[in-house]
Protein chains: 2
Amino acid sequence: MVKRTSFESDACPIARSLDALGDWWSLLIIREALFGLRRFGEFQSKLGMAKNILSARLRALVDHGILATAPASDGSAYQEYVLTPKGRGTFPILVALRQWSEEFDDHPEEIATILVDREKGRPVKKLEMRAEDGRLLSPADTMVKPRPALRRRSVG
Amino acid sequence: MVKRTSFESDACPIARSLDALGDWWSLLIIREALFGLRRFGEFQSKLGMAKNILSARLRALVDHGILATAPASDGSAYQEYVLTPKGRGTFPILVALRQWSEEFDDHPEEIATILVDREKGRPVKKLEMRAEDGRLLSPADTMVKPRPALRRRSVG
DNA sequence: CAACTTAGTTTCATCATGCAACTACTGGAG
DNA sequence: CTCCAGTAGTTGCATGATGAAACTAAGTTG
């Protein structure tokens, strides 16, 4: 089959994330949702994407538990799409993408916005990886280990 | 045209990142490259993807300055694909994706690996967002600001 | 140089994407 | 109640992207 090779059953957590977030529009929809958008029409006009694709993506995000449909909010009888905790949990991913672009983009002058902390208005610090005890880690300081089979439970 | 709507000229840094990293395989190729893979055949057999797609993705990643082709390394006259600094800079993105999956996946028992710090063998701490002065920030503590037009330079 | 491996490219069927047009429902004016 | 405009989606169709397998070409081994 050609079906875009779902990574759903892959054991790698990165692949599993990509299965939910990895297509063209999903992360941008989530970005707008984090920014406060909720209605179909808002997403559609802000992102300028085709409505059928938006419809399919919203449904997929709802199926993945990233968005949920809420019945109303502004009185109208229409539907809204709001982020679940799982959806809000993608924030570090978006920040990482943003910071990567800010640091490495070939045309940084074309980037229109910066992420700042609301209180001081100063740029957010770069994400950093730390050990449990707080030591700063570089990629080389880390490794991937098989998961310790969390507590026997028909784990074969 | 249907050409998958390039985000290259979008002013949003997230969209710009996705333009380079946003397709199905790119981040997985980068993950394997961070893990040490370098050769076409290694990627192909490890990821199990079609060779034409791998070929196209590698070329795109090279064009984006994420990978570079190096002439050799193990003596053979073949080519290698090695990460550039820009490519290694994607590490936080991969960590963020991994941690999101670890925290929110519906079937966490299927995740086979964990990321640990090499020295202690303990899981890496969750990425956290901090202000310049070190305050821990939640999404709500941040906002997006227009970029301050970095220092006049034919900026219109 | 014959056999095998590595690194791709080509071919072809199928799926996904994107635009435009169409349908369904809501709410308000008359 | 009906007409009209706006919102929310679905359907149809052309085209491009994807994937499996076959094919090509160069490197390497014997």
Taking only N and O in the side chain of A:Ser55, is any of them less than 4.0 Å away from OP1 or OP2 of D:dT10?
-> yes

Heavy-atom count around A:Arg135 CZ within 6.0 Å, excluding the residue itself: above 12?
-> yes

Respond yes when some side-chain nitrogen or oxygen of A:Arg57 is under 4.0 Å from OP1 or OP2 of C:dT17, and no when none is.
-> yes

Where the side chain of A:Arg39 is defined as all heavy atoms beyond and including C-beta, which of C:dG18, D:dA8, D:dA21 is the nearest nucleotide?
-> D:dA8

Calculate the interatomic distance between B:Ile53 atom CD1 and C:dA13 atom P; express it in whole Å.
-> 17 Å

Residues at least two apart in sequence or cross-chain that pass salt bridge (charged side-chain N to carboxylate O under 4.0 Å, His left out) with B:Asp141, listed by chain then number, are none

Among Ile, Leu, Val, Met, Phe, Trp and Tyr joined by side-chain contacts under 4.5 Å, find the other residues sharing a cluster with A:Ile114 and list them by chain and number.
-> A:Val116, B:Met143

Answer yes if A:Trp25 and B:Trp24 sit in the same cluster of Ile, Leu, Val, Met, Phe, Trp and Tyr residues linked by side chain heavy atoms under 4.5 Å apart, and no otherwise.
-> yes

Length of the CE-P vector between A:Met49 and C:dA20, whole Å = 15 Å

Interface polar pairs with nucleotides 22-26 of chain C, N/O, under 3.5 angstrom:
residue	atom	partner	partner atom	Å
C:dT26	O4'	A:Tyr78	OH	3.4

When rounded to the nearest 0.5 Å, the distance separating NZ of B:Lys125 from CG of A:Leu136 is 10.5 Å

Would you find a donor on one side and an acceptor on the other, under 3.5 Å apart, between the side chain of B:Gln44 and the backbone of B:Met49?
-> yes

Could you tell me whether B:Arg118 atom CZ has more than 12 heavy atoms of other residues or ligands within 6.0 Å of it?
-> yes

Does a nitrogen or oxygen in the side chain of A:Trp25 sit under 4.0 Å from OP1 or OP2 of C:dT17?
-> no

Given the rule that I, L, V, M, F, W and Y join up when any side-chain heavy atoms are under 4.5 Å apart, are A:Phe35 and A:Ile111 in one cluster?
-> no

B:Gln79 side chain N/O closer than 4.0 Å to the phosphate oxygens (OP1, OP2) of D:dA26?
-> no

Linking I/L/V/M/F/W/Y whenever any side-chain heavy atoms sit under 4.5 Å apart, do B:Phe104 and A:Leu61 land together?
-> yes

Is it true that B:Arg38 and B:Glu42 make a salt bridge, defined as a side-chain N closer than 4.0 Å to a carboxylate O?
-> no

Phosphate OP1/OP2 of D:dA8 contacted by A:Tyr81 side-chain N/O (<4.0 Å) = no

Axis-to-axis angle across the helix from C:dC1-D:dG30 to C:dG30-D:dC1, five pairs each end, nearest 10 degrees, ~ 10°

Mind calculating the distance between CG (A:Leu54) and C1' (C:dC19) to the nearest angstrom?
-> 14 Å

Nearest-Å distance, CD1 (B:Ile29) to P (D:dT18)?
-> 11 Å

Would you please confirm or rule out a distance under 4.0 Å between OP1 or OP2 of C:dT6 and any side-chain N or O of B:Arg38?
-> no

Can you list, by residue number, the residues of residues 40-47 of chain B that have a non-hydrogen atom closer than 4.0 angstrom to DNA chain C?
-> B:Phe40, B:Gly41

Round to the nearest Å and state the distance from B:Asn52 atom CG to C:dC12 atom C1'.
-> 11 Å

Can you name the closest pair of heavy atoms from A:Asp133 and B:Lys120 and give their distance?
-> OD2-NZ, 2.7 Å

The remaining residues in the hydrophobic cluster of B:Val82, counting side-chain heavy-atom contacts under 4.5 Å among Ile, Leu, Val, Met, Phe, Trp and Tyr, are none

